[in-house]
Amino acid sequence: MHNNKQTKFDLSYLEMAQVWAKNSYCKRKQVGALIVKDRMIISDGYNGTPSGFENVCEDETGATKAYVLHAEANAITKVAKSGNSSEGSTLYVTASPCLECAKLIIQAGIKRVVYHEDYRITDGIDLLRRAGIEVQQL
């Protein structure tokens, strides 16, 4: 499906997303995302609280706060603010997208999603495939 050169680039971008995930303040899970178009990184994101909020993702019980943004949502909203277009781009993310992020990915015109590990719920991946988006786990 993809040549070795593409796979090499995919692995490199995925590795960069894993490094980016380390910027997250979340204790339960750190997730990183990159949006790449024409071999250029046009956006990046990691999971965390919205701008202006304290950088604490979990409540006293250890549960993730409801308003924490996922890495994909942060990368997509960041590209929207930048004036770049994500139409036809590839999203590299360290964990497979959830259903909410899958909806954003579809609406952002992202055509391909490459991820590292499966999220426990696969409905996001199922929706992406239904929308005709190429999904690949590496």
Side-chain angles (χ1 to χ4, degrees):
M1 199 162 164
H2 285 290
N3 58 23
N4 287 346
K5 196 174 183 183
Q6 183 62 57
T7 303
K8 195 175 165 228
F9 276 108
D10 287 346
L11 288 167
S12 294
Y13 285 127
L14 210 46
E15 205 176 310
M16 289 164 81
Q18 287 170 322
V19 170
W20 203 242
K22 293 176 179 151
N23 289 313
S24 172
Y25 289 92
C26 298
K27 290 182 181 82
R28 282 184 66 204
K29 190 170 194 68
Q30 293 181 314
V31 181
L34 293 179
I35 299 175
V36 176
K37 189 174 177 177
D38 304 322
R39 295 235 169 100
M40 266 180 10
I41 297 169
I42 59 168
S43 191
D44 53 58
Y46 50 86
N47 57 328
T49 56
S51 302
F53 282 72
E54 74 296 333
N55 287 318
V56 180
C57 298
E58 293 85 10
D59 63 19
E60 317 72 52
T61 69
T64 302
K65 293 176 181 174
Y67 55 83
V68 166
L69 287 151
H70 287 185
E72 306 94 314
N74 271 325
I76 290 167
T77 53
K78 193 171 179 179
V79 81
K81 276 164 109 177
S82 77
N84 269 319
S85 169
S86 51
E87 191 70 46
S89 64
T90 299
L91 172 77
Y92 294 90
V93 62
T94 57
S96 62
C98 70
L99 188 64
E100 289 304 311
C101 287
K103 292 187 235 175
L104 294 175
I105 291 163
I106 294 164
Q107 292 302 89
I110 293 166
K111 290 290 164 246
R112 191 165 169 255
V113 174
V114 179
Y115 70 95
H116 179 62
E117 58 180 297
D118 276 313
Y119 180 62
R120 56 186 156 70
I121 306 162
T122 62
D123 52 5
I125 293 294
D126 300 339
L127 186 67
L128 291 173
R129 289 202 171 107
R130 259 183 67 195
I133 292 169
E134 185 190 327
V135 178
Q136 190 178 7
Q137 182 178 16
L138 282 180

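Computed from a predicted structure; not experimentally measured. Throughout, numbering of the chain's residues begins at 1 and tracks the sequence.
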*Checking side chain to side chain contact (heavy atoms under 4.5 Å, CB included) against Ile105, which of Val93, Leu128, Val135, Ile35 comes through?*
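Result for side chain to side chain contact (heavy atoms under 4.5 Å, CB included) with Ile105: Leu128.
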Would you name the heavy atoms of [X] and [Y] that are closest together and state the gap between them?
{"X": "Ala102", "Y": "Gly124", "value": "CB-O, 3.4 Å"}
{"X": "Cys101", "Y": "Ala73", "value": "SG-N, 4.2 Å"}
{"X": "Ala21", "Y": "Gln30", "value": "O-CB, 3.4 Å"}
{"X": "Ala108", "Y": "Ser86", "value": "O-OG, 2.7 Å"}
{"X": "Pro97", "Y": "Val113", "value": "CG-CG1, 4.1 Å"}

How would you list, by chain and number, every residue that makes a side-chain hydrogen bond (donor to acceptor under 3.5 Å, both in side chains) with [X], sequence neighbours excluded?
{"X": "Asn47", "value": "Ser24"}
{"X": "Glu100", "value": "Lys103"}
{"X": "Lys78", "value": "Asp44"}

_Glu15 atom CD: more than 12 heavy-atom contacts under 6.0 Å_ =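 At most 12 heavy atoms, drawn from other residues, nucleotides or ligands, come within 6.0 Å of this atom.
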How long is the span from the [atom1] atom in [X] to the [atom2] atom in [Y], to the nearest 0.5 Å?
{"X": "Thr77", "Y": "Leu104", "atom1": "OG1", "atom2": "CG", "result": "8.5 Å"}
{"X": "Asn23", "Y": "Asn74", "atom1": "CG", "atom2": "CG", "result": "11.5 Å"}
{"X": "Leu91", "Y": "Ile110", "atom1": "CG", "atom2": "CD1", "result": "5.0 Å"}
{"X": "Ile125", "Y": "Leu99", "atom1": "CD1", "atom2": "CG", "result": "11.0 Å"}
{"X": "Arg130", "Y": "Leu127", "atom1": "CZ", "atom2": "CG", "result": "6.0 Å"}
{"X": "Gln6", "Y": "Arg112", "atom1": "CD", "atom2": "CZ", "result": "4.5 Å"}

*Would you mind listing every salt bridge (Lys or Arg N to Asp or Glu O under 4.0 Å) that reaches into residues 114-129, with sequence neighbours excluded?*
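Sorted pair list: Lys29-Glu117.
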_So, using disulfide bond (SG atoms under 2.5 Å apart) as the criterion, who are the partners of Cys98 when residues are at least two apart?_
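Cys98: no disulfide bond (SG atoms under 2.5 Å apart) contacts found.
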*Can you list every ring pair (Phe, Tyr, Trp, His ring centres under 6.0 Å) pair that touches residues 98-121, not counting sequence neighbours?*
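The answer is none; no pair qualifies.
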*Given the rule in the side-chain contact (heavy atoms from CB on, under 4.5 Å) test, do Glu87 and Lys111 qualify, once you have shown the distances and angles that lead to the verdict?*
CA-CA 7 Å; Glu87 191 70 46; Lys111 290 290 164 246; 4.2 Å; yes
*Report the hydrophobic cluster partners of Tyr46, with the cluster defined as I, L, V, M, F, W, Y residues connected by side-chain heavy atoms closer than 4.5 angstrom, directly or transitively.*
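Trp20, which link up through side-chain heavy atoms under 4.5 Å apart, make up the rest of the cluster.
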_Val36: hydrophobic cluster co-members (side-chain, 4.5 Å)_ =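 In the cluster with Val36 are Phe9, Leu11, Tyr13, Leu14, Met16, Leu34, Ile41, Tyr92, Val114, Leu138.
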*Could you tell me whether the side chain of Thr94 and the main chain of Gly32 form a donor-acceptor pair under 3.5 Å?*
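Yes, the answer is positive, given that a donor and an acceptor are paired below the 3.5 Å cut-off.
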*asked:* Going by disulfide bond (SG atoms under 2.5 Å apart), name the pairs with one or both residues in residues 17-71, residues two or more places apart or in two chains.
replied: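 Counting only pairs at least two positions apart or across chains, the disulfide bond (SG atoms under 2.5 Å apart) contacts touching residues 17-71 are Cys26-Cys57.
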*Scan residues 49-66 for pairs that pass side chain to side chain donor-acceptor pair (under 3.5 Å), counting only residues two or more places apart or in two chains.*
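Residue pairs with at least one partner in residues 49-66: Arg28-Thr64, Glu54-Lys65, Glu54-Tyr67, Asp59-Thr61.
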*Which pairs, with at least one residue in residues 31-43 and sequence neighbours excluded, count as a side chain to side chain donor-acceptor pair (under 3.5 Å)?*
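Listed once each, the pairs would be none.
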*Set of residues satisfying side chain to side chain contact (heavy atoms under 4.5 Å, CB included) with respect to Ala131, sequence neighbours excluded*: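 Testing Ala131 for side chain to side chain contact (heavy atoms under 4.5 Å, CB included), a comparison that skips the adjacent residues, returns Ile106, Ile133.
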